[in-house]
Amino acid sequence: MRKTLSLSMVVLGFALQAISYFALAAPLGTPTSPAYADPRLPFAPLLFIVGVALVFLAAVVYELMPDKNAK
Amino acid sequence: MAVQTQKLPYGIGRISGGWLLALLVALVFTVFGGYAYAQQLIYGEVVTGMRDIGTMAGAPWGLYIAFVVYFEGVSFAGIAVAALIRLLDLDHLKPIARMAQVMTVIALILGGLGVIADVGKPGRAFINLLKYARPGSPFFGTLTIAILGFLFGALVYLYLDGRRDAALLAKVPGKFQGFYRWWAAGYQDTPEARERHERASFWLALAIIPLLVVAHSTLGFVFGLQVGRPGWFGTLQAPGFLAMAGVSGLGHLIVLAAILRKVYGLEEQIDIAVFRWLSNLLLIFTAVYVYFMVVEWLTSVYSANTAEAQLLNALLRGEYAWIFWLSVVSLLIPLVLLIGQFATGKYRIGWLVFSGVLVNVAAIGKRFLVVVPSQTHGSLMPYVIGSYSPTWVEIGVVLGLMGLGALLFMLFAKVFPIMEVEEV
């Protein structure tokens, strides 16, 4: 459970980073029009940071969460 | 140092006259910085020396940004050394791992505060950056990776690495017992718990190394990707930033280790082998940076570009010459000293501390020269040559940040062991 949860957090964190960077923030390209300047979803950069934080938090969960068979 | 029954190690909780005096000095600097920043908040950035490029013949990035880059650089070596100790099993360097981690966290906080000091409306700037930043912009990377991501990663690393010590200290009755219990978060010093921590810290260290390379390269890209700015646009900015980050951070770490060694009487734990390792690493980074610096000059000297030549002239003979030559000399003297120590195999802590201080003088100078002259002298537009001089407000804020850094470090050292605690 502990390993699964922390691994899921890592996967989710990286996925959130990739999605927010490539799909939700402003499209990569020359900003000749507002379409390339404005994010497709406001606060997409914040989601990217949440993704980074999630990856690191996985280590905290991995260390702090008790084992299933622990007393 | 083993945990005694009633006494906490490394002077935790014990206030000496010297510590109080140092704290007072740091506090005075911090309060002065706060007062200076209050002036900026009340009257606006007109109280600083920063002005627009071109029509106002100034530089919108000045001392604040130079120090943001400097603090970010200092943070690099701390976490890099801590991660390398874990990845390469450099056990003899463990005594400096904690102080390196704390140095990183504090330097990143100061870097973040430096950004806040630089922008006129910090609240609005941060919200807009989180809301609208474009992934293609290096500012996106600077905020998300260099400051927030890196700071979060460094905090997690410091927290997890300190749990075992917190659990040991929580056994000693005292005013910080509750704090140690919270930090330990149920840690039991069993072989399973140790193995789990070893595994987690290994993967964390492995994740942090590429992150910090990306973070500091991104900071270099903030300047290196600006096509219309002679002196900035170039491929060497990112690796140059990385190399200088190593130089300034290692210099800082050497000075810090020497001070703590003296203050806490840690001659046995932080022995000459630790300094030898740091010295050789500093030698490598300094040599690499000097090489980058020479390559950069030669490219500018040989280029027929008028704007590049104008900029170089300002650096070599113009108004920035004294900072330029001071920085060069402050790099070359330590380089000669470090080579000498490496060649003879005789390492002296005094000379290393001297080198550590000098490379930081060079780092501050070089950061200033990277940030400012390209704005005042490096325009491709037909603008007049500009100038920039920091006002007392900017100098006060920077001194305040340095005071705050010292204050945070001293306070941390009084509530948590600055080195790993041995068995009870």
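A quick note: this is a predicted structure, and the numbers were derived from the prediction, not measured. Within every chain, numbering begins at 1; the chains are lettered A, B, ... in the order of the sequence lines, protein sequences first and strands thereafter.
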N/O donor-acceptor pairs under 3.5 Å from side chains in residues 211-223 of chain B, not counting sequence neighbours:
{"from": "His216(B)", "atom 1": "NE2", "to": "Glu72(B)", "atom 2": "O", "distance (Å)": "3.4"}
{"from": "Ser217(B)", "atom 1": "OG", "to": "Val213(B)", "atom 2": "O", "distance (Å)": "2.7"}
{"from": "Thr218(B)", "atom 1": "OG1", "to": "Val214(B)", "atom 2": "O", "distance (Å)": "2.5"}

Side chain to side chain donor-acceptor pair (under 3.5 Å) between Tyr62(A) and Arg199(B), worked out: CA-CA 10 Å; Tyr62(A) 182 81; Arg199(B) 214 176 298 136; 2.3 Å; yes
Closest non-hydrogen atom pair between Pro45(A) and Ala133(B), with its separation: CG-O, 3.5 Å
Engaged part of Ala53(A) at the chain B interface, taking heavy atoms whose separation is under 4.5 Å: both
Inter-residue atom distance Leu47(A).CG - Leu130(B).CG, 0.5 Å rounding: 10.5 Å
Winner by heavy-atom pair count (cut-off under 4.5 Å) against chain B, out of Leu41(A), Val52(A), Leu46(A): Leu46(A)
Min side-chain heavy-atom separation Leu64(A)-Tyr159(B) under 4.5 Å: yes
Donor-acceptor under 3.5 Å (Arg134(B) side chain, Tyr36(A) main chain): yes
Residue Arg40(A) versus chain B: region with a heavy atom under 4.5 Å: neither
pair Leu57(A)-Phe152(B): side-chain heavy atoms closer than 4.5 Å: yes
Heavy-atom donor-acceptor pair, Arg196(B) side chain to Glu63(A) backbone, under 3.5 Å: yes
Ile208(B) and Phe56(A), any side-chain heavy atoms less than 4.5 Å apart: yes
